[in-house]
Amino acid sequence: MSHSAASIVAYLELLHASRHLIATAYTDGGVTLDEDNRRRVGRLQQHRVLVPYLQDDFRLSPSLGRHLDEV
């Protein structure tokens with residue numbers, strides 16, 4: 001497996017592990033940072049899956065939101 005393919009697999013695994021949080025952000029228009037999701041939200045923010053909206057509130061990135069709208 002090439003380095004780029006391994007990176008894609010790692011990213012897809014991150015999305016899969018956070019699927020419930022991502023689905024909540026998509027359906028509810030965002031998620032609020034709390035003690036239970038702090039680490040996961042931080043990782044998703046680093047990978048540009050979630051973007052800051054208001055203090056302690058995050059929304060799905062526009063490009064991922066559009067992708068989910070299409071599928």
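Because only heavy atoms are used, hydrogens play no part in the values below, and waters and symmetry mates are left out as well, while side chains stay in.
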* Do Val41 and Tyr11 sit in the same hydrophobic cluster, where Ile, Leu, Val, Met, Phe, Trp and Tyr count as joined when their side-chain heavy atoms come under 4.5 Å apart? -> yes

* Leu60 vs Val51 side-chain heavy atoms within contact, under 4.5 Å -> no

* Is it true that atom CZ of Arg48 has more than 12 heavy atoms of other residues, nucleotides or ligands lying nearer than 6.0 Å? -> no

* **Working for side chain to side chain contact (heavy atoms under 4.5 Å, CB included), residues Phe58 and Asn37** => CA-CA 11 Å; Phe58 294 83; Asn37 67 14; over 6 Å; no

* **Side-chain touch Leu15/Leu12, heavy atoms, less than 4.5 angstrom** => yes

* To do: Find the distance between NE2 (His67) and OG (Ser61) and round it off to the nearest 0.5 Å.
  => 10.5 Å

* To do: Flag yes if Leu33 and Ile22 sit in one hydrophobic cluster, no otherwise; membership is Ile, Leu, Val, Met, Phe, Trp, Tyr, and two members link when side-chain heavy atoms are under 4.5 Å apart.
  => yes

* Structure fact -> So CG of Leu64 and CG of Leu50: to nearest 0.5 Å the spacing works out to 8.5 Å

* Does atom NE2 of His47 have more than 12 heavy-atom neighbours, drawn from other residues, nucleotides or ligands, at distances under 6.0 Å? -> yes

* Asked: Got a sec: does the OH of Tyr26 have more than 12 other heavy atoms crowding it under 6.0 Å?
  -> yes

* To do: Please round to the nearest 0.5 Å and tell me the distance separating atom NE2 of His16 and atom CG of Leu14.
  => 11.5 Å

* **Distance-only polar pair, side chains of Asp57 and Thr32, donor-acceptor under 3.5 Å** => yes

* Which pairs, with at least one residue in residues 23-40 and sequence neighbours excluded, count as a salt bridge (charged side-chain N to carboxylate O under 4.0 Å, His left out)? -> Glu35-Arg38

